[in-house]
Each structure stands twice: as structure tokens, then as C-alpha cells.
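One structure is given here, and the rest of the page talks about it.
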2 protein chains.
Amino acid sequence: MSPPVAPSIAHEQHRLIHDIYVLLDDGDRRVLQKVNLSPLEFSVLQRLDTAQGRRLTDIGAELLCVKSTITRLVDRLEAHGLVRRTPDPDDRRAQRLLLTPRGLALRDEAMRLHDAAVERRMGLLDPAEQQQLRALLEKLRAGLSEELESDNR
Amino acid sequence: MSPPVAPSIAHEQHRLIHDIYVLLDDGDRRVLQKVNLSPLEFSVLQRLDTAQGRRLTDIGAELLCVKSTITRLVDRLEAHGLVRRTPDPDDRRAQRLLLTPRGLALRDEAMRLHDAAVERRMGLLDPAEQQQLRALLEKLRAGLSEELESDNR
DNA sequence: ATGCAATAGTTGCAATTGCAAGCGATTATA
DNA sequence: TATAATCGCTTGCAATTGCAACTATTGCAT
């Protein structure tokens, strides 16, 4: 049970976040299965709209996955009629990705289900705690993404 | 940018945790690559010792992945001489999984690297904030795992 | 202007993972 | 104690993902 290396506080914290993520992701997976979406597909749909659209690379950058993953995930979504690729008017290399009406409807349905499940799970903390948690996480996220950017520079 | 469904507070919080996890996981991946381990492999090694060992199924349950994933992940670790399967004396169906000396050394090396990276990243919060965060996350984790258990019942 | 590096996206390939079926061992039930 | 249900683990198969290589386009530096 006890490893020879003493775990640090930060390590414990990281472990906590990891455990929680695993639990949340597992819950997400079950909920989203009802609308036949994987968590990653849902993340992509969440980032789209029906008007201007987004470029594939931008989405990949936000989700920290390689371009080819987005390409093929979008292939699937498009085959299901949920999104539509359209040429970017400003850059002939790029594609803009749009939600179709059907995609919008499914996305909203998924969000309703997902939000209800998340609400229930986050309800384990009272509102004051949720507020606290949110502030801490926002600070952490800001720092982490900044660090990531400077790493990539 | 703005979706037609108003995002709830809980939803925002979930999004934060998700984003942070993605960032942390990306960081983990880079660090662990230096010792040629995937995050999941590292998670498994972290849960092992050199004495009694753990059963494969128990590890899978903790990491919320199916048994076959553990089977094959252990196949790889064993092929690299990091772990060893040994029959469970109490149950002839089961295998107990042990760290080899080499596995122990690598695990400790990985933990040193990983901890240093985590320490640096969690250092974005001051000690008081880390303390706060830890308390909140522990409460959340406890609630979530309890919920998971009752789901599976 | 011209050539060279960087960028957007796609494709081939290998590795990882989940699901379902299967096999031996164990526990529960009658 | 016989039989059925469950459990621990493995294997076949399909799906998802990352990496590297490639094409087409853009932008920068001369």
C-alpha cells in the first residue's frame, strides 16, 4: 500500500484531480451514450455554432489532440449529418465546421442530459463551496494554459 | 461562440475540471514519456508494491477500465520486466501483480520526475489555496465514488 | 517577384482500448 | 452434493487515437 517514495502535497492534489476526472468522465460516458456521442465528440459539438463555424485546427488546439484525430472525428459527425464542412472564405487551405440543424438539436439534447447529470454530481458541494472551487480552478486553469503556451514557444 | 442553451454553474465547473484535466494529462504525458510510460501505465505502477501484490481486477476497478485493458497493459509491463504475475494463494482464478526490482526503480524515477512537474504546476496556487482546493476535491471525490458504488448496485 | 518556411487538412500505419465471448475456478442454491 | 450463477482473467474483433509523411496554400524574406 505505502510506496517507498513519500508523496508530496502537490502529488496528492494531482491524484485527487485525476481520480475526480476519471469519475466524471465515466459518468459523462454513460450519459452521452444515450445520444450516441463520445465525450470527445460532445466536446467538439459544444464548441460549434450554426453561423460562422470554427476551423478544425483551432478545435484541435483547444482539446489538445492532434489534427488527424479531429479530421476523423469530424468525418464521423459529418457522416451522421451533425456537422458540415465548408471552405473558409479567407484561407483556401482551411475548412470551417458548422453545426447542421440536426447537429444543433442533438447537441442541445445532449447538453440538457449532461447538465442535469453534472448538476446532480456537483450538488455534492453546497453553493458556497462550488463558488470557492470555481475560483480556485479558474486560477489554476489560467496558469496552466499560460504555461502550456510558453512551453510551445 | 455563445450557444443557445444557457450554461449552468455546475456546467461551468465541470468544464473547468475537464479543461484542467486535459492540461494536466498533457503535461503528464510529456513527463512520463521520458521514462517511456503512458499515464495509465504509470497509474498502475503507482498502485503496486513488491510484497503482496494486487489483483488485476482490483486495479481495473480503481482505474475504471475494463479487465482486458489491464490484462494487456500488464502484458506490456511484464514484457519490459517491470512487473511479475504470480498466482494468488487464496484463489486459483486470480493473479497477484508485483513490482520487480526494475519496476520499482523505474516507478520511483517516474514519480520523482512526475512529482517535480506536478509541484511546479500546482505551485500556481499558494499553499492556503492548495489546502482549500484539496479539501473541496476530497469531499467531491468521496461523494462521487459513493454515487458510483450505489449506481453499480 | 521568387523562393523557402510554416500552416491547414488528410491519409497510412501502429498502438491502445472497450465490448463480447469463452475458460477454469469458486460460491450460492437447492 | 449437484447444479447454477458468479468471478478472475484472457482472447478476438472493431473503434479511436497519435505520429509521420504528404498535398495544397499562405506568408515571409530577400
Side-chain angles (χ1 to χ4, degrees), chain A residues 21-22 25-30 32-33 36-45 47-48 52-80 82-98 152-153, chain B residues 21-22 25-33 36-45 48 52-80 82-98 152-153:
Chain A
Y21 179 79
V22 168
D25 186 61
D26 184 65
D28 288 353
R29 224 168 265 282
R30 300 191 202 198
L32 295 173
Q33 210 159 1
N36 216 353
L37 290 174
S38 75
L40 189 57
E41 287 165 346
F42 180 57
S43 294
V44 170
L45 292 184
R47 284 168 170 77
L48 296 181
Q52 330 93 294
R54 308 262 332 256
R55 295 163 59 161
L56 301 198
T57 303
D58 293 344
I59 296 171
E62 274 185 26
L63 299 175
L64 297 187
C65 55
V66 301
K67 298 174 296 180
S68 62
T69 300
I70 301 295
T71 293
R72 281 184 278 229
L73 186 150
V74 167
D75 287 346
R76 298 195 297 271
L77 294 177
E78 200 168 29
H80 285 82
L82 302 175
V83 303
R84 191 161 52 83
R85 277 183 246 240
T86 194
D88 187 317
D90 302 331
D91 187 338
R92 272 192 295 173
R93 292 169 300 180
Q95 303 274 353
R96 301 197 78 85
L97 195 59
L98 297 170
N152 290 342
R153 217 175 296 144
Chain B
Y21 179 78
V22 168
D25 187 60
D26 184 66
D28 288 354
R29 226 168 264 283
R30 300 191 202 196
V31 171
L32 294 173
Q33 211 158 4
N36 216 353
L37 290 174
S38 75
L40 189 56
E41 288 165 345
F42 181 57
S43 294
V44 170
L45 291 184
L48 296 182
Q52 331 93 291
R54 307 263 330 258
R55 294 162 59 159
L56 300 198
T57 302
D58 293 344
I59 295 171
E62 273 185 27
L63 299 174
L64 296 187
C65 57
V66 301
K67 297 172 296 181
S68 61
T69 300
I70 300 296
T71 292
R72 281 184 278 231
L73 186 150
V74 167
D75 287 347
R76 298 195 297 271
L77 294 178
E78 200 169 29
H80 285 83
L82 303 175
V83 303
R84 191 161 52 82
R85 275 184 247 240
T86 194
D88 187 317
D90 303 331
D91 186 338
R92 272 192 295 174
R93 292 171 300 181
Q95 302 273 355
R96 301 196 76 85
L97 194 60
L98 296 170
N152 290 342
R153 218 174 298 144

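Not measured: the values here are computed from a predicted model. The basis for the numbers below is simple: all heavy atoms, side chains too, and nothing from hydrogens, waters or symmetry mates. Reminder, nothing fancy here: chain letters follow the sequence lines and each chain counts from 1.
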Open item on the list: Going by side-chain hydrogen bond (donor to acceptor under 3.5 Å, both in side chains), name the residues that satisfy it together with A/Arg96, two or more places apart in sequence or in a different chain.
Closed with: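 In terms of side-chain hydrogen bond (donor to acceptor under 3.5 Å, both in side chains), with neighbours along the sequence ignored, A/Arg96 is linked to A/Asp88.
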
Task: Partners meeting side-chain hydrogen bond (donor to acceptor under 3.5 Å, both in side chains) with B/Arg72 (sequence neighbours left out) - done: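 Here no residue qualifies.
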
- [ ] Measure across A/Gln95 and A/Pro87 and return the closest heavy-atom pair with its distance rounded to 0.1 Å.
- [x]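 Smallest interatomic distance, heavy atoms only, reads OE1-N, 4.0 Å.
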
Open item on the list: Strictly under 4.0 angstrom, non-hydrogen atoms only: write out the protein contact profile of nucleotides 8-15 of chain C, one letter per nucleotide from the 5' end, B, S or -.
Closed with: SBBBBB--

For the pair made of [atom1] in [X] and [atom2] in [N], what is the distance, rounded to whole Å?
X: A/Leu37; N: D/dT16; atom1: CG; atom2: P; value: 12 Å
X: B/Arg29; N: C/dT16; atom1: CZ; atom2: C1'; value: 10 Å
X: B/Glu78; N: D/dC9; atom1: CD; atom2: P; value: 13 Å
X: B/Ile59; N: D/dC9; atom1: CD1; atom2: C1'; value: 13 Å
X: A/Asp25; N: D/dT17; atom1: CG; atom2: P; value: 11 Å
X: A/Asp88; N: C/dT7; atom1: CG; atom2: C1'; value: 13 Å
X: B/Asp26; N: D/dT17; atom1: CG; atom2: C1'; value: 14 Å

TODO: Would you tell me if any nitrogen or oxygen in the side chain of B/Arg92 comes within less than 4.0 Å of OP1 or OP2 on C/dT26?
DONE: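 Answer yes for this pair, as a side-chain N or O of B/Arg92 is under 4.0 Å from OP1 or OP2.
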
Open item on the list: Between the opening five pairs and the closing five pairs of the helix from C/dA1-D/dT30 to C/dA30-D/dT1, how far apart are the helix axes, to 10°?
Closed with: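 What I find for the helix from C/dA1-D/dT30 to C/dA30-D/dT1 is an axis angle of 30°.
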
Open item on the list: With nearest nucleotide decided by heavy atoms, which residue, A/Gln33 or B/Glu41, maps closer to the 5′ end of DNA chain C?
Closed with: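 Closest to the 5' end, via its nearest nucleotide, is B/Glu41.
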
[X]: partners by side chain to side chain contact (heavy atoms under 4.5 Å, CB included), with sequence neighbours left out:
X: B/Phe42; result: B/Leu32, B/Leu37, B/Gln46, B/Ala110, B/Met111, B/His114
X: B/Val31; result: B/Leu113, B/Ala117
X: A/Arg92; result: none
X: B/Arg93; result: B/Asp91

May I have the list of side-chain donor-acceptor pairs in residues 57-67 of chain A shorter than 3.5 Å, sequence neighbours left out?
residue, atom, partner, partner atom, Å
A/Glu62, OE1, A/Arg47, NE, 2.5
A/Glu62, OE2, A/Arg54, NH1, 3.4
A/Glu62, OE2, A/Arg54, NH2, 2.9

Open item on the list: Measuring only between side-chain heavy atoms, which start at C-beta, is B/Arg85 closer than 4.5 Å to B/Leu97?
Closed with: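 Yes; the side chains approach each other to less than 4.5 Å.
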
